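I have placed the structure first, in the form of structure tokens, so that the comments after it can refer back to it.
What you see is a predicted model, and the numbers here were worked out from it, not measured in a lab. Labels below follow one simple rule: chain letters A, B, ... track the order of the sequence lines, proteins then strands, and each chain is numbered from 1.
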Amino acid sequence: MLSARERELLIELWDRLTPAAEHIGSEALLRMFTTFPKTKTYFAHLDLSARSEHLRSIGKRIVEAIAEGTRHIGTAQFTANLSYLSRFHAYQLRIHPTNFKLFNHCMLVTLACYLGEDFSPRAHAATDKYLSAYAAVLAEKFR
Amino acid sequence: MVEWTDAERSAITGLWGKISVDEIGPQALSRLLIVAPWTQRHFASFGNLSSPAAIMGNPKVAAHGKTVMGGLDRAVKNLDNIKAAYAGLSVMHSEKLHVDPDNFRLLSDCITVCVAMKFGPSCFSPDVQEAWQKFLAVVASALSRQYH
């Protein structure tokens, strides 16, 4: 459950990160593929080397989607807006749900690397909760 | 038997050499208690844990953070036999402390976030992260080994 204060924190944080969406997103993905090699199995058809075109464009899309979602936390709009992505992850990508946790963790590590001290315990907790809620909606249609 | 590449060994010992147990330990334990509040169940005797500020200022949390983080030293010095090195601690965490081993993974993640904050993206590169997380996973596994 996210409080009003946490929602504000998240909107502000992800607004600040959006200009660097490509950088942050591609690094989170690279960290996930390096630390948890099994996650690469879902991307066997792509070039996943550091700073590749694929990594940057997918990373950018992911961060922009996460940022957009912060504006609708706690509303019916949140689930409604994610309907397409939810179907995509369930019926096309068919990703094993445990992998969302791995990505979320690598996103937290990436934020920690770039924000340093600014990645306060409150920001860490709010982001962790938000990303978990986001992943839950993405996995909703799995069965 | 865990296989470490030379690159992994060097990443782990190199990073450990730069880590200040007194600095990172308290931060990591505080984050665990804030980000995963159910872990507070093991620290009922620590006094005020009612808010992030209280947790971050709590001297017992800080002291315990140093103890736990310092415990990793034994693993760094025994990379080829972490399982044996932690057998006693594993029994203690199971029989005396009754800690759910999933919490070891949570604490590992918090330690990793604190290390990432401290060292930034070029020092704590994806390859270093891989080695460090593999190391923490082996430690967590060794701590869970004696549970029955």
**Prompt:** Measuring heavy-atom distances to chain A, does B:Ser125 have an atom under 4.5 Å in its side chain, in its backbone, in both, or in neither?
**Reply:** backbone

**Portion of A:Phe36 that has a non-hydrogen atom of chain B nearer than 4.5 angstrom** = side chain

**Prompt:** A:His89 and A:Glu140: side-chain donor and acceptor closer than 3.5 Å?
**Reply:** no

**Complete:** Of A:Leu108, A:Leu30, A:Thr35, the largest count of non-hydrogen pairs under 4.5 angstrom with chain B goes to A:Thr35

**Message:** If you count heavy-atom pairs within less than 4.5 Å of chain B, which of A:Ala50, A:Pro121, A:Pro37, A:Ala125 leads?
**Reply:** A:Pro121

**Message:** Does B:Lys83 have more than 12 heavy atoms from other residues, nucleotides or ligands lying within 6.0 Å of its NZ?
**Reply:** no

**Prompt:** Which bit of B:Gln129 comes within less than 4.5 Å of chain A, counting heavy atoms only: side chain, backbone, both or neither?
**Reply:** both

**Asked** At a heavy-atom separation under 4.5 Å, does B:Pro52 approach chain A through its side chain, its backbone, both, or neither?
**Response** side chain

**Message:** Just by distance, no angles: are the side chains of A:Tyr114 and A:His23 close enough, under 3.5 Å, to form a donor-acceptor pair?
**Reply:** yes

**Request:** Examine the side chains of A:His105 and B:Gln133 and answer whether a donor and an acceptor come within less than 3.5 Å of each other.
**Result:** yes

**Asked** So which of B:Asp109, B:Asp127, B:Ile34 has the largest heavy-atom pair count under 4.5 angstrom toward chain A?
**Response** B:Asp109

**Item:** hydrophobic_cluster_shared for A:Leu13 and B:Met117, side chain cutoff 4.5 Å
**Value:** yes

**Message:** Could you check whether A:Tyr134 and A:Phe100 have their ring centres less than 6.0 Å apart?
**Reply:** no

